[in-house]
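The chains referred to below are lettered A, B, ... by the order of the sequence lines, with proteins before strands, and numbering in each begins at 1. Being a predicted model, the structure only gives us computed values, none of them experimental. All values below come from the heavy atoms of this structure, side chains included, with hydrogens, waters and symmetry mates left out.
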Protein chains: 4
Amino acid sequence: MTGAGAPAASRALRSQGRRTVRRLLEAGVEVLAAKGYHAARVDDVVRAASTSHGTFYRYFANKDDLFRALLVEVGEAMGEHAESLGPLTADDAGREELRRWLVGFARLYDRFAPVVRAWVEAEMDTDQFGRVGADVLAGFAGILTERIEAADGPVDDPASAAIVVVAMIERANYYAAVGHLAIDPEPLADSLAAAVHAALFGISTPRVSH
Amino acid sequence: MTGAGAPAASRALRSQGRRTVRRLLEAGVEVLAAKGYHAARVDDVVRAASTSHGTFYRYFANKDDLFRALLVEVGEAMGEHAESLGPLTADDAGREELRRWLVGFARLYDRFAPVVRAWVEAEMDTDQFGRVGADVLAGFAGILTERIEAADGPVDDPASAAIVVVAMIERANYYAAVGHLAIDPEPLADSLAAAVHAALFGISTPRVSH
Amino acid sequence: MTGAGAPAASRALRSQGRRTVRRLLEAGVEVLAAKGYHAARVDDVVRAASTSHGTFYRYFANKDDLFRALLVEVGEAMGEHAESLGPLTADDAGREELRRWLVGFARLYDRFAPVVRAWVEAEMDTDQFGRVGADVLAGFAGILTERIEAADGPVDDPASAAIVVVAMIERANYYAAVGHLAIDPEPLADSLAAAVHAALFGISTPRVSH
Amino acid sequence: MTGAGAPAASRALRSQGRRTVRRLLEAGVEVLAAKGYHAARVDDVVRAASTSHGTFYRYFANKDDLFRALLVEVGEAMGEHAESLGPLTADDAGREELRRWLVGFARLYDRFAPVVRAWVEAEMDTDQFGRVGADVLAGFAGILTERIEAADGPVDDPASAAIVVVAMIERANYYAAVGHLAIDPEPLADSLAAAVHAALFGISTPRVSH
DNA sequence: TATGAATGAGCCTTCATTCAT
DNA sequence: AATGAATGAAGGCTCATTCAT
């Protein structure tokens, strides 16, 4: 798994080739961060990777192919993290687990923010591109649904609750990463954990002691 | 307030001109719905409005000018609705008020979905365009913050709680409108109201019957 | 029938537009003559037509669309001429008719040589382009077949005889037009008429009197 | 004579080198057959020859160098065959000789069809490439002219008659090989022999039985 | 000697915007 | 006021050829 796109799928890359692919992928993230998906130019990417157009198309079928490859990487990292969510319980341990998991998610999100933003930007366009992103989301929601069912809390409809939770987590992190609204990361993580736990078990925070 | 863009600002439009502007705005929504922001072409808009390029530029400075005008309309409607949120209370009346408000929001969202999607798509691009959208969000979050503070619930940080709530509401409706994930509108509204109320007052649902 | 390509098919062209189309078609012939089909650049055409790339694509879907339009024009002219062939008879009148017809053909061929050469060059490429050309040839061969059958001469298989004759006429004119081989037009026309008549009626030339 | 191009001219090739050259030439024919001259890519050739770009340019100066080498091979074979045409006489023996010769030509043409098609396609492009082909044709026409003169038939202008005959033979075979028009090979050979003999001696076919 | 990685000029096409009628 | 013709900068992609290993 080199991370390369379609044109390189049939060939076995040598070490030089693999290095170039890596450089292009990293350049892709850079450009996505700087200009976003639609404004990203192949020229920007090859310049950032210090290579040529010809080389780009040796490893990726086109612009989308590169970004799809990036999204797949992100999807894999996110999927792995999603699996790491332990059982959800109504007690403090459960809330703590949730918090731990959300912090990990925030870290991932922050790291991959440019790619996720690109996905959001591109959602409408390419079926393929949108598909990869939707799969990530669906996988996420699926795992949450399982945990919620297993938690046996007061939730009526685990599937739609999971979606609400995913939506909340994703967007809140998105706002934080994009900086669209001014939020501090720490209180946000707390608020999120509280909100999610409350949504699942009905108790907002342990310090409700008045 | 005719809804026209910059070039028409200095002129007083006659009724024919106003009709043309109206046609262009509606065509803009149509095109946004059909193709999204980045794939929308001026040519698509003028064809949908049965008019010409020359005419388009008589009323709007450029493509973005049209979409900004649309977004302003949406922002105004959303802002008005935001203001209509009554006091939030921990009891059933508070939950009911919340539910009413969320249903209204879902209706608005549904009606303006193409424009909102366009905004999401365009977020990175134009400072101006993104700004209008961010203002809408910020206005929203501000009003919620006020209400949460006034509610005097167990919430620690009203501002970031408001953002979590906005994120949850916005995204959940977005998913529903775009159809990215399969959600039924009714249980979604219920789940949302329950989740928001729980996040604010710590009681998830009245029917916790274990 | 303006001769324009696909993009102009749905619009009604005004006189300015029709003039532009005409200029582009003529420029196409020029460029074809100077550089041939494969070396022809859209840029060459628009420069020869003193217009812009944008304008080119307003009237033709792409390079091929322009050349197809030209080929259709040629095909129509050739088809009309083909129809003008009178009955073939074994006597001098028949030979004279044949000669007249061949001379007319040579004139047409000369006039449209660049386009025909382009067709020959492109034969393999586009199905569409090749199809138009093949249709012209087939139409030609069909008419000849009819005439040969009507002539009731000693020919065994009118269809393949017609093809031989078409091949002979086409190529001989081609060589003459392209200048690949040094041929004078007049004796060529004579030789062709003699050969064709001989092929159809078995008498090569009237002056075989030894 | 290894058939290699310019870069190999100065070196003496070992047996491995000769094998590589052979593979490249055969790959060239394959690719020409499959995609034609203009669509042929160096990459296609090296892939078909199971070798690399670097190797290709060790033996051929460039793409055209390979195809020129192929055309030279064809030209030699054709030239040899042309020489094999015996004296043309007005009697049945002459007609039979002509038929034999034409059948041999058809076989050659069929075998080399891809290369000949490539030549036709490329006629305009490279002076060099076109020249080789024109030389083949001219050699052909020259030999025919000689034979026609020696035959002392009723032909007025042997040179242009030869060209008409060459045109007829070449194109008819071309159509047959390319499949542009539906022709059966056998009646075509007969028709051709009959037509050529008639053009030269004035008697179309022996079986004129009216 | 062979391989495959890299190059970059070149070409087609799009589309927001301006202009002439 | 409206129309549609014209513009041209910009960007994606190809592929013959050269280079480094």
Inset, instruction - Please tell me if the side chains of Arg41(B) and Arg47(B) come closer than 4.5 Å, counting only heavy atoms from C-beta onward. - result: no
Legend entry - Residue pair Val72(C) / Phe67(C), side-chain heavy-atom distance below 4.5 Å: no
Legend entry - Presence of salt bridge, Glu26(B) and Arg19(B), under 4.0 angstrom: no
Just the rounded figure in Å: distance from [atom2] of [N] to [atom1] of [X].
X        : N       : atom1 : atom2 : result
Arg58(C) : dA16(E) : CZ    : C1'   : 14 Å
Lys63(C) : dT13(E) : NZ    : C1'   : 13 Å
Arg47(D) : dA2(E)  : CZ    : P     : 20 Å
Leu66(B) : dA16(E) : CG    : P     : 12 Å
Arg23(D) : dA2(E)  : CZ    : P     : 9 Å
Phe60(C) : dT14(E) : CZ    : C1'   : 18 Å
Asp44(C) : dG10(E) : CG    : C1'   : 12 Å
His53(B) : dC15(E) : NE2   : C1'   : 9 Å

Inset, instruction - State whether a side-chain donor-acceptor pair under 3.5 Å links Tyr37(C) with Asp64(C). - result: yes
Inset, instruction - Taking Watson-Crick and G-U wobble pairs with both distances under 3.5 Å, convert DNA chain E into its dot-bracket string, 5' to 3', dots for unpaired and | for cross-strand pairs. - result: .||||||||||||||||||||
Legend entry - Minimum heavy-atom distance Ala6(C)-Asp65(C), with the two atoms named: N-OD2, 2.8 Å
Inset, instruction - Could you pick out which residue, Gly17(C) or Asp43(D), lies toward the 5' side of DNA chain F when each is mapped onto its nearest nucleotide? - result: Gly17(C)
Legend entry - Residue whose nearest DNA chain F nucleotide is more 5′ - Asn62(A) or Gly54(C): Gly54(C)
Inset, instruction - Please step through side chain to side chain contact (heavy atoms under 4.5 Å, CB included) for the pair Leu66(C) and Tyr59(C), ending with a clear verdict. - result: CA-CA 9 Å; Leu66(C) 172 71; Tyr59(C) 297 106; over 6 Å; no
Inset, instruction - Show your reasoning for whether side chain to side chain contact (heavy atoms under 4.5 Å, CB included) applies to Leu71(A) and Val115(A). - result: CA-CA 6 Å; Leu71(A) 197 48; Val115(A) 179; 3.9 Å; yes
For [X], report the nucleic acid contact type (base, sugar-phosphate, nothing); a contact means any heavy atom under 4.0 Å.
X        : value
Tyr59(D) : sugar-phosphate
Ala49(A) : nothing
Ala61(B) : nothing

Inset, instruction - Using atom types as modelled and distance alone, determine if a side-chain donor or acceptor of Thr20(A) lies under 3.5 Å from a backbone N or O of Gln16(A). - result: yes
Inset, instruction - Please list, in 5' to 3' order, the outermost nucleotides of DNA chain F lying under 4.0 Å from any heavy atom of chain A. - result: dG11(F) to dC15(F)
Inset, instruction - Would you mind telling me which of dT14(E), dC15(E), dT7(E) lies closest to the side-chain atoms of Arg41(B)? - result: dC15(E)
Legend entry - Pairs satisfying salt bridge (Lys or Arg N to Asp or Glu O under 4.0 Å), at least one member in residues 52-62 of chain C, at least two apart: none
Inset, instruction - Respond yes when some side-chain nitrogen or oxygen of Gln16(D) is under 4.0 Å from OP1 or OP2 of dA2(E), and no when none is. - result: yes
